[in-house]
Amino acid sequence: MIPTFEKAHRLTLTDTEKELLNYFENNLPSSAFISLKELGAKLYTSNATVVRFCQKLGLRGYNEFKYQVRHELEQLKGPAFSSNSLISQSIARFQDNLETVNTATLEAVARMLADERPIYIYGSDLSSLAARYLHTILTMLDHPAILVEWHRLLNGLTYELGHDALLFIITAHGDAQRYLPAFQRAQEHDTCIVLLTCQQDSPLIPYSTYAICTNDQDEEYRHVTINGRLGIFTIIQILVELIASIHQPMQVTADPMP
């Protein structure tokens with residue numbers, strides 16, 4: 001039995017989750033490649049139930065679960081470390097990230113970024129790369145924004161912001177507690193706060209007007225973080241394209257001459 005299924009048998013599962021586990025075990029290897037839609041149709045199971053089952057196993061979502069199962073099947077045949085393995089894992093995480101995106105939230109945030117309002121974008125360390133990218137694109141699209149990369153400056157800034165400002169904060173897995181006073185002050189001033197983070201249970205979420213969570217994982221190599229923030233950059237790119245579409249002139253087709 002592969003490790004993922006062994007772990008599942010040690011958990012307290014609902015009857016539906018036991019049915020899911022039974023299906024995957026009895027239909028390998030094809031079950032490791034079935035889509036979420038096909039699985040739901042076969043077992044009459046909702047997407048949310050499948051995702052909760054995967055999360056019980058410590059995984060972010062269904063695509064990462066399928067990758068894990070396929071990877072463990074390969075390991076039974078021998079060493080499976082390869083670039084193809086890493087690529088498959090990245091693709092699985094990328095797909096999970098897109099499937100959990102709340103499109104209504106992204107559209108609402110894009111409309112606010114396209115407004116004529118003061119915009120402040122914050123990101124430090126590796127998150128500053130994403131913040132700089134969004135700041136550069138907005139400036140090029142004639143939506144001037146102020147880039148903030150210093151925590152103390154952000155802290156002081158929140159004393160002055162008003163209800164007409166938009167504060168866009170990008171923080172991956174950093175110490176969320178140090179940002180809490182700034183979020184609380186901004187909320188007291190009715191400032192709109194958009195939080196883009198990888199921390200699903202961030203204590204900053206209750207203080208945010210909009211919270212967008214990605215599934216970027218906090219990884220280190222030789223005590224250096226190597227979290228590439230692919231999910232964060234993907235969300236920002238979607239926002240950029242939504243903003244561009246808001247201002248794209250409509251194509252008007254003239255009626256043919258009689």
Side-chain angles (χ1 to χ4, degrees), residues 48 55 60 97-98 100-139 141-218 225 227 229 231-243 246:
Q55 290 174 340
R60 297 281 186 172
N97 192 54
L98 291 180
T100 58
V101 168
N102 187 318
T103 54
T105 296
L106 292 184
E107 289 171 0
V109 172
R111 284 193 294 269
M112 298 187 72
L113 289 170
D115 282 347
E116 300 296 329
R117 68 172 67 207
I119 299 173
Y120 301 86
I121 304 171
Y122 173 82
S124 65
D125 300 325
L126 281 181
S127 294
S128 69
L129 298 176
R132 289 178 192 176
Y133 176 66
L134 178 59
H135 173 259
T136 300
I137 296 298
L138 285 177
T139 301
L141 292 174
D142 293 327
H143 292 289
I146 295 176
L147 178 64
V148 181
E149 298 178 278
W150 191 29
H151 170 244
R152 290 187 178 180
L153 179 57
L154 171 68
N155 208 36
L157 186 65
T158 54
Y159 284 98
E160 306 298 332
L161 296 180
H163 68 277
D164 61 332
L166 172 61
L167 186 58
F168 194 109
I169 296 183
I170 305 172
T171 173
H173 297 279
D175 181 11
Q177 290 295 334
R178 69 172 179 163
Y179 296 118
L180 198 53
F183 270 69
Q184 292 172 330
R185 277 193 299 274
Q187 187 185 62
E188 290 171 0
H189 295 168
D190 293 326
T191 301
C192 180
I193 309 170
V194 176
L195 172 66
L196 180 53
T197 183
C198 312
Q199 193 175 353
Q200 303 286 336
D201 58 349
S202 172
L204 303 176
I205 291 177
Y207 298 94
S208 305
T209 312
Y210 296 98
I212 306 170
C213 296
T214 71
N215 64 353
D216 297 293
Q217 295 185 349
D218 194 16
T225 179
N227 174 0
R229 290 158 173 73
I232 284 179
F233 272 102
T234 300
I235 294 300
I236 289 178
Q237 184 59 38
I238 293 173
L239 288 173
V240 165
E241 295 181 16
L242 284 172
I243 294 168
I246 290 173

Rounded to the nearest 0.5 Å, what separates atom [atom1] in [X] from atom [atom2] in [Y]?
{"X": "I170", "Y": "L126", "atom1": "CD1", "atom2": "CG", "value": "12.0 Å"}
{"X": "I169", "Y": "L154", "atom1": "CD1", "atom2": "CG", "value": "5.0 Å"}
{"X": "S128", "Y": "Y133", "atom1": "OG", "atom2": "OH", "value": "15.5 Å"}
{"X": "T136", "Y": "I121", "atom1": "OG1", "atom2": "CD1", "value": "8.5 Å"}
{"X": "R60", "Y": "C198", "atom1": "CZ", "atom2": "SG", "value": "7.5 Å"}
{"X": "E188", "Y": "L161", "atom1": "CD", "atom2": "CG", "value": "12.5 Å"}

Does the side chain of [X] reach to within under 4.5 Å of the side chain of [Y], using non-hydrogen atoms?
{"X": "L138", "Y": "I243", "value": "yes"}
{"X": "I238", "Y": "L98", "value": "yes"}
{"X": "L180", "Y": "Q177", "value": "yes"}
{"X": "T191", "Y": "T158", "value": "no"}
{"X": "L195", "Y": "Y207", "value": "no"}
{"X": "T214", "Y": "T234", "value": "no"}
{"X": "Y122", "Y": "L157", "value": "no"}

Let's go through N155 and R185 carefully: what are the C-alpha distance in whole Å and the side-chain angles of both, what is the deciding distance for side chain to side chain donor-acceptor pair (under 3.5 Å) to 0.1 Å, and is it a yes or a no? CA-CA 9 Å; N155 208 36; R185 277 193 299 274; 2.4 Å; yes

Please evaluate residues L167 and V148 with respect to the criterion side chain to side chain contact (heavy atoms under 4.5 Å, CB included), reporting the C-alpha separation (whole Å), side-chain torsions for both, the decisive distance (0.1 Å), and the verdict. CA-CA 10 Å; L167 186 58; V148 181; over 6 Å; no

When you look at D115 and L166, which way does the side chain to side chain contact (heavy atoms under 4.5 Å, CB included) test go after all the steps? CA-CA 10 Å; D115 282 347; L166 172 61; over 6 Å; no

For side chain to side chain contact (heavy atoms under 4.5 Å, CB included), just list the numbers for V194 and T209, CA-CA rounded to whole Å, side-chain angles, deciding distance to a tenth of an Å, and then say yes or no. CA-CA 6 Å; V194 176; T209 312; 5.9 Å; no

Donor-acceptor pair, distance only, cut-off 3.5 Å: does the side chain of [X] make one with the backbone of [Y]?
{"X": "D216", "Y": "G231", "value": "yes"}
{"X": "T171", "Y": "T197", "value": "no"}
{"X": "N102", "Y": "A104", "value": "yes"}

Between [X] and [Y], what is the shortest heavy-atom contact and its length?
{"X": "R117", "Y": "A165", "value": "NH1-O, 4.3 Å"}
{"X": "L239", "Y": "A110", "value": "CD2-N, 4.0 Å"}
{"X": "A172", "Y": "S127", "value": "N-OG, 3.7 Å"}
{"X": "A211", "Y": "I205", "value": "CB-CG2, 3.9 Å"}
{"X": "P206", "Y": "S202", "value": "CD-O, 3.9 Å"}
{"X": "Q199", "Y": "C213", "value": "O-SG, 4.1 Å"}

Residues forming a side-chain hydrogen bond (donor to acceptor under 3.5 Å, both in side chains) with D164, sequence neighbours excluded: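 D164: no side-chain hydrogen bond (donor to acceptor under 3.5 Å, both in side chains) contacts found.
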
Residue pairs, two or more places apart or on separate chains, that pass ring-ring contact (aromatic ring centres under 6.0 Å, His included) and touch residues 149-170: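 Residue pairs passing ring-ring contact (aromatic ring centres under 6.0 Å, His included), neighbours aside: H151-Y179.
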
